[in-house]
Amino acid sequence: MGTLEIRELEAFLVLAEELHFGRAGERLFVSQSRVSQLLKSLEARIGAPLVERTSRRVRLTPLGRTFLSSLRPAYEALRATVEETRAAARGTGGVLRIGFQGTIDDQLARAVALFEERCPTCAVEVAEIALSDPFGPVRRQEVDCAVALLPVAEDDLVLGPVFSRQPQVLALPARHPYASRAALTVEELADVRLIGVQGDAPDYWRHAQAPRRTPNGRPIPAGPLVNTLQEGLSLAAAGRGAMLLCRPSAEYHGSGRSSLAFVPVEGLPGSLLGLVLRRTSSSPQARAFAQALAETLTEPPHGPRPSRKGAGSPGTSPLTVTP
C-alpha cells in the first residue's frame, strides 16, 4: 500500500472501458505510451498480466476482469470521499447550472430549495434545453446537469434520479375529428400524422417521443420535424399534424389556445424525466443536486428534510477531476 499509485489505477480503469490505448490516453490527457507504462507498472506490482495486447485488439485477462470488479467500487468510494471532503472544505460554492426540458414542476423546485439550503454559497441558474438537443448542453458543459425526457442511453453520460411519470396526451387541431374525444387508444395514433423531433437528438430518443408504429405494428404517418415544443404546437394548430406531450406540459402550454385540443392517449407508457450528468467530469455541485433530488423523491411534498450534507457521485470519473 505504501507504493500504491492512484494514476496507475486510473489508467487501468479507463483502459478497461475503452480497450484502446490511444483513446485511454486521450481521456487521461497523456500519451499512449504513458498509458502503457502505467499499466506495466501496475502489473509489476500485482505480479501478473491484467490486459492482453495484440496488434488487433486489447482485452482484459481473467485476472484483470476480477481485479476490475473489485477495484471500481473501491475507487469510486475513495473518489467520492475526497470530493465530498473538498466540497465541505470550501462550502460547495460557485454556480450550479441546471438545464431542463418542459417546465420546472414542484418536484424540481423542492430539490432546488433543498440544494440551496445545504449549499447557500452556490448560485443556481436554470436554462431551457431545446427539444432537439437534450444531451448536447451537458456534453458541451453549458450546464452542469440537465433534466431531460427519457430514455437516456449515452455512454458518456450518467442517468441520475428518475421522476415525474406522467400520462401522455395528443395535441390536435381543434377541428380534427378526434378533438372532441374523451380519450384515444394508442392504436389510433396510426390515423394521425405525428410531429417528430429533428436536430442532434439520437434516433432512439426521437422515436420514443414520436413512435413510428403502434404496439400492434400499424405504421404511424410521419409529420413535420421540429426543434422546439412551441414549433410543434404551432404546426399542430395549423393542421400540419399532431404532437405527443406529457399532461403537465399540455396544461401549461394549452392555456388560451383555442386552436388546439389535448386528448389523452390510452395504452402509451407514461413519460419520465431523469437527471443527466457527465460520466467523467460531473461537478461536486451537480452531484450534490442529484443527491438532493433523490432525497426529495422519497419524501412527501411538505415532509421533513434531512440536514446532513453530502454529494452524490453517479458514474465513473477520475479522482483528479477539477470542478
Can Val152 and Trp205 be said to form a side-chain contact (heavy atoms from CB on, under 4.5 Å), step by step?
-> CA-CA 7 Å; Val152 178; Trp205 190 89; 5.5 Å; no

Could you state the interatomic distance from [atom1] ([X]) to [atom2] ([Y]), rounded to the nearest 0.5 Å?
| X | Y | atom1 | atom2 | answer |
| --- | --- | --- | --- | --- |
| Asp133 | Thr228 | CG | OG1 | 13.0 Å |
| Leu13 | Glu18 | CG | CD | 12.0 Å |
| Ser31 | Glu26 | OG | CD | 11.5 Å |
| Arg110 | Asp106 | CZ | CG | 6.5 Å |
| Gln141 | Asp144 | CD | CG | 8.5 Å |
| Ser132 | Leu225 | OG | CG | 10.5 Å |

Could you give me the CA-CA distance, side-chain angles and deciding distance for Glu295 and Arg118, then say whether salt bridge (charged side-chain N to carboxylate O under 4.0 Å, His left out) is met?
-> CA-CA 13 Å; Glu295 291 179 17; Arg118 292 178 173 179; 2.5 Å; yes

Residues Ser164 and Gln107: side-chain donor-acceptor under 3.5 angstrom |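 Gln107 and Ser164 do not have a side-chain donor-acceptor pair below 3.5 Å.
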
Pair Arg287-Ser282, side-chain donor/acceptor within less than 3.5 Å |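 Result is yes, a qualifying pair exists.
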
Quick check: does any side chain N or O of [X] sit under 3.5 Å from a backbone N or O of [Y], one acting as donor and the other as acceptor?
| X | Y | result |
| --- | --- | --- |
| Tyr204 | Ala153 | yes |
| Arg53 | Val58 | no |
| Glu125 | Val95 | no |
| Arg65 | Leu60 | yes |
| Thr296 | Leu293 | yes |
| Glu43 | Leu38 | no |
| Arg240 | Gly232 | no |
| Thr61 | Pro49 | yes |
| Glu188 | Thr185 | yes |
| Glu8 | Leu39 | no |

Who are the ring-ring contact (aromatic ring centres under 6.0 Å, His included) partners of Phe163, not counting sequence neighbours?
->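 Once residues adjacent in sequence are excluded, Phe163 has no partner under the ring-ring contact (aromatic ring centres under 6.0 Å, His included) criterion.
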
Lys NZ or Arg CZ of Arg181 over Tyr178 ring: under 6.0 Å, within 45° |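 Verdict for Tyr178: a cation-pi partner in Arg181.
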
Which heavy atom of [X] sits nearest a heavy atom of [Y], and at what distance?
| X | Y | value |
| --- | --- | --- |
| Gly223 | Arg193 | CA-NH2, 3.8 Å |
| Ala236 | Ala171 | CB-O, 4.0 Å |
| Cys145 | Leu277 | CB-CG, 4.1 Å |
| Pro264 | Phe262 | CD-O, 4.0 Å |
| Ile220 | Pro211 | CD1-O, 3.4 Å |
| Ala190 | Pro221 | O-CD, 3.4 Å |

Evaluate the side-chain contact (heavy atoms from CB on, under 4.5 Å) criterion for residues Leu244 and Val169: first the C-alpha distance (whole Å), next the side-chain angles of each, then the deciding distance (0.1 Å), finally the verdict.
-> CA-CA 6 Å; Leu244 286 170; Val169 302; over 6 Å; no

In terms of ring plane angle, is the pair Phe115 and Phe289 parallel, tilted or perpendicular, where the classes change at 30° and 60°?
->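 Ring orientation of Phe115 relative to Phe289: perpendicular.
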
Single-linkage hydrophobic cluster, 4.5 Å side-chain cutoff, [X] and [Y] together:
| X | Y | result |
| --- | --- | --- |
| Phe100 | Leu157 | yes |
| Leu184 | Leu245 | no |
| Leu194 | Leu235 | no |
| Ile6 | Leu50 | yes |
| Leu150 | Val265 | no |

Determine whether [X] and [Y] make a side-chain contact, defined as any pair of heavy atoms from C-beta on separated by less than 4.5 Å.
| X | Y | answer |
| --- | --- | --- |
| Arg72 | Glu17 | yes |
| Val158 | Val276 | no |
| Val14 | Thr280 | no |
| Arg218 | Asp191 | yes |
| Leu159 | Leu275 | no |
| Val192 | Leu170 | yes |
| Met243 | Pro224 | no |
| Leu149 | Leu273 | yes |

Go through the steps to decide whether Glu116 and Val124 satisfy the test side-chain contact (heavy atoms from CB on, under 4.5 Å), and finish with yes or no.
-> CA-CA 8 Å; Glu116 290 179 329; Val124 177; 3.8 Å; yes

Side chain to side chain donor-acceptor pair (under 3.5 Å) between Gln168 and Ser271: does it pass, once the steps are laid out?
-> CA-CA 7 Å; Gln168 297 198 61; Ser271 70; 5.8 Å; no

Just one of Arg139, Arg27, Arg279 clears the side-chain hydrogen bond (donor to acceptor under 3.5 Å, both in side chains) bar with Asp156, so which one?
->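 Among Arg139, Arg27, Arg279, the one meeting side-chain hydrogen bond (donor to acceptor under 3.5 Å, both in side chains) with Asp156 is Arg139.
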
Salt-bridge criterion met for Glu5 and Arg7 (N-O under 4.0 Å) |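 Salt bridge absent between Glu5 and Arg7.
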
Any chance CZ of Arg57 has more than 12 other-residue heavy atoms, nucleotides or ligands included, within less than 6.0 Å?
->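 Atom CZ in Arg57 is not packed in, count stays at 12 or less.
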
Determine, step by step, whether Leu268 and Leu189 satisfy the side-chain contact (heavy atoms from CB on, under 4.5 Å) criterion, reporting the C-alpha distance in whole Å, the side-chain angles of both residues, the deciding distance to 0.1 Å, and the verdict.
-> CA-CA 10 Å; Leu268 270 180; Leu189 290 179; 4.2 Å; yes

